[in-house]
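To keep things clear, I will list the structure first and then write my remarks on it.
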Amino acid sequence: MPELPEVETVRRGLAPVMEGAVITRVEQRRADLRAPFPAGFAKRLTGRRIVGLGRRAKYLTAALDDGTVLVMHLGMSGSFRIETDGTGEMVGNPYHKRSKLRAHDHVVFHLSSGARVIFNDPRRFGVMDLVPASELPASRHFRAVGIEPLGNELDGAKLASLFAGRRAPLKSALMDQRLIAGLGNIYVCEALWRARLSPDRPAGSLATKRGGPTVGAKRLAEAIREVLEAAIAAGGSSLRDHIRTNGELGDFQHAFAVYDREGEPCLRNDRGIIRRKVHAGRSTFYCPVCQR
DNA sequence: AAGCGAACCTGGCTGC
DNA sequence: TGCAGCCAGGTTCGCT
């Protein structure tokens, strides 16, 4: 399910019930997701207070009061839901009423507020790991992760320097988490359309001979920022799996210009018909007329 | 080194 | 209705 906007939406949904709460009990309902849970997972979390809930790339990070960080990833199909029995101090609205666990509910965090936070992941591509905070940057999850697209680093010049000399298609370079972290298939397609750039153009073509940014590089940096911010404001995109922690859907799928619109007209010109092609095994949607 | 395809899993949809 | 085949928002491994 999740690219940066969906993960950020989930973070914002979970933060009010998780930050400051103590984990009173953890139900780990199977031995592994894609990888085994870390040894003593439930035990090491029990009794810990969650100091803060953050996001890096497509990962959620819950900092605990003993200096450990709970690292979580939603994979393709992961989601969290918050349930409450209505007692205790609850922030926000229509949380799920407490009910029976469902298929693919793999982890249940019971919190001191009375809420429980449930991780569900049918395909089990998600990640749950425990890492000492001091080792987080060098951990296998983050050591090779690139810049945050919503931070101050991303601009045309940075894009040009990241892409200089690369012959891979722009589509693939933008999908590469080692360069820019957090973009996935949907938002890469949408950002390229907004920047009027072809997904097939070599990534290195966004750098001038001297390595500076082309006009296209500047447009692309701006487009990435804009599309991510708009998607977060809409609560992310709900296609199959993404739901917010209160059970509501995101809205940004209604704002797609190209993603999953093969055969439909381009929103920017009459002659363009959205095409689909495959880059490195992933569908790319684009307008062959206005994206060059 | 960089780039690509396959693998990891389940579920939903399409077409026969 | 049933079933095979294809596709899905991510990451990682292994081969060129």
Side-chain angles (χ1 to χ4, degrees), chain A residues 1-11 29-37 55-60 71-80 102-106 119-129 139-146 149 162-192 199-204 224 227-228 230-232 234-244 249-263 276-285:
Chain A
M1 111 190 186
E3 303 181 36
L4 188 154
E6 290 73 39
V7 178
E8 180 59 25
T9 297
V10 169
R11 190 195 68 75
R29 305 181 71 237
R30 55 175 297 128
D32 55 49
L33 297 172
R34 243 196 119 194
F37 283 85
R55 179 193 58 75
R56 170 83 171 99
K58 299 171 192 168
Y59 290 86
L60 293 168
V71 177
M72 298 173 282
H73 195 293
L74 300 169
M76 288 283 265
S77 60
S79 64
F80 284 96
R102 307 170 186 175
H104 312 299
D105 283 344
H106 303 312
F119 176 66
N120 183 287
D121 184 10
R123 293 175 74 179
R124 302 201 303 273
F125 289 172
V127 171
M128 290 265 165
D129 200 6
S139 69
R140 64 203 162 100
H141 310 297
F142 296 131
R143 77 185 157 218
V145 163
L162 286 172
F163 290 174
R166 292 187 179 263
R167 283 191 277 181
L170 208 39
K171 167 76 190 307
S172 304
L174 288 168
M175 293 283 287
D176 188 341
Q177 303 297 298
R178 295 169 301 184
L179 304 176
I180 303 173
L183 296 173
N185 210 31
I186 291 177
Y187 298 105
V188 165
C189 293
E190 294 296 316
L192 286 170
D200 287 317
R201 175 199 274 261
I224 289 169
V227 75
L228 294 179
I232 290 171
S237 303
S238 293
L239 296 185
R240 284 157 284 275
D241 299 317
H242 169 63
I243 49 163
R244 296 147 91 151
L249 300 177
D251 285 326
F252 196 72
Q253 65 279 11
H254 304 302
F256 290 165
V258 286
Y259 186 81
D260 208 18
R261 292 193 65 237
E262 182 182 16
R276 172 185 178 273
K277 73 173 278 188
V278 173
H279 289 93
R282 317 297 300 277
S283 291
T284 303
F285 300 89

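Chain identifiers are assigned alphabetically (A, B, ...) following the order of the sequence lines, protein sequences preceding nucleic acid strands; residue numbering begins at 1 within each chain.
With sequence neighbours left out, the side-chain hydrogen bond (donor to acceptor under 3.5 Å, both in side chains) criterion links A:Arg123 to no other residue. A:Arg56 is linked by a side chain to side chain contact (heavy atoms under 4.5 Å, CB included) to A:Phe142, A:Val145, A:Glu148, A:Ala181, counting only residues two or more places apart in sequence or in another chain.
Among the heavy atoms of the strands lying under 4.0 Å from A:Arg34 is at least one base atom, whether or not backbone atoms are also near. Residue contacts shown for A:Pro5 are absent, as no nucleic acid heavy atom lies under 4.0 Å away. Counting any heavy atom pair closer than 4.0 Å across all strands shown, A:His104 reaches sugar-phosphate atoms only and no base atom.
For the P atom pair drawn from C:dC3 and B:dC9, the interatomic distance equals 24 Å after rounding to whole Å. When the C1' atom is compared between C:dC6 and B:dA6, the two are found 16 Å apart, to the nearest whole Å. Between the P atoms of B:dA1 and C:dT11, the separation comes to 23 Å (whole Å).
A:Asn185 pairs with exactly one of A:His279, A:Lys171, A:Glu3 by the side-chain hydrogen bond (donor to acceptor under 3.5 Å, both in side chains) rule, that one being A:Lys171. When each of A:Leu174, A:Leu192, A:Val188 is tested with A:Ile224 by the rule side-chain contact (heavy atoms from CB on, under 4.5 Å), just one qualifies, namely A:Leu174.
As rounded to whole Å, 15 Å separates atom C1' of C:dG10 from atom CZ of A:Arg140. Taking atom CD of residue A:Gln177 and atom C1' of nucleotide C:dG10, one finds them 8 Å apart after rounding to whole Å. One can place CZ of A:Phe125 at 9 Å from C1' of C:dT11, the figure rounded to the nearest angstrom. The nearest whole Å value for the distance from the OH atom in A:Tyr59 to the C1' atom in C:dG10 is 9 Å. Rounded to whole Å, the distance from CZ on A:Arg178 to P on C:dG10 is 16 Å.
A donor-acceptor pair is defined here as one N or O able to donate and one able to accept, closer than 3.5 Å; no such pair exists between the side chain of A:Glu190 and the backbone of A:Val227. In this structure a side-chain-to-backbone donor-acceptor pair under 3.5 Å is present from A:Glu6 to A:Ser237. A donor-acceptor pair under 3.5 Å is formed between the side chain of A:Lys58 and the backbone N or O of A:Leu183.
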According to the Watson-Crick and G-U wobble definition with distances under 3.5 Å, which dot-bracket string, read 5' to 3', encodes DNA chain C, using [ ] for crossing pairs and | for pairs with another strand? .|||||||.|||||||
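Other residues, nucleotides and ligands contribute more than 12 heavy atoms inside 6.0 Å of the CZ atom of A:Arg29.
First and last contacting nucleotides of DNA chain B toward chain A (any atom under 4.0 angstrom from a heavy atom, 5' to 3' order): B:dG3 to B:dG11.
Classification of the A:Tyr187-A:Phe256 ring pair by plane angle, with boundaries at 30° and 60°, yields perpendicular.
A side-chain hydrogen bond (donor to acceptor under 3.5 Å, both in side chains) check over residues 250-262 of chain A, counting only residues at least two apart or in different chains, returns the pairs A:Arg261-A:Glu264.
Judged by distance alone, the side chains of A:Arg244 and A:Thr9 never bring a donor and an acceptor atom under 3.5 Å apart.
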Any protein N or O atoms within reach of nucleotides 4-8 of chain C? Criterion: under 3.5 Å, listing atom names and distances.
{"residue": "C:dA8", "atom": "OP1", "partner": "A:Ser283", "partner atom": "OG", "Å": "2.5"}
{"residue": "C:dA8", "atom": "N3", "partner": "A:Arg123", "partner atom": "NH1", "Å": "3.1"}

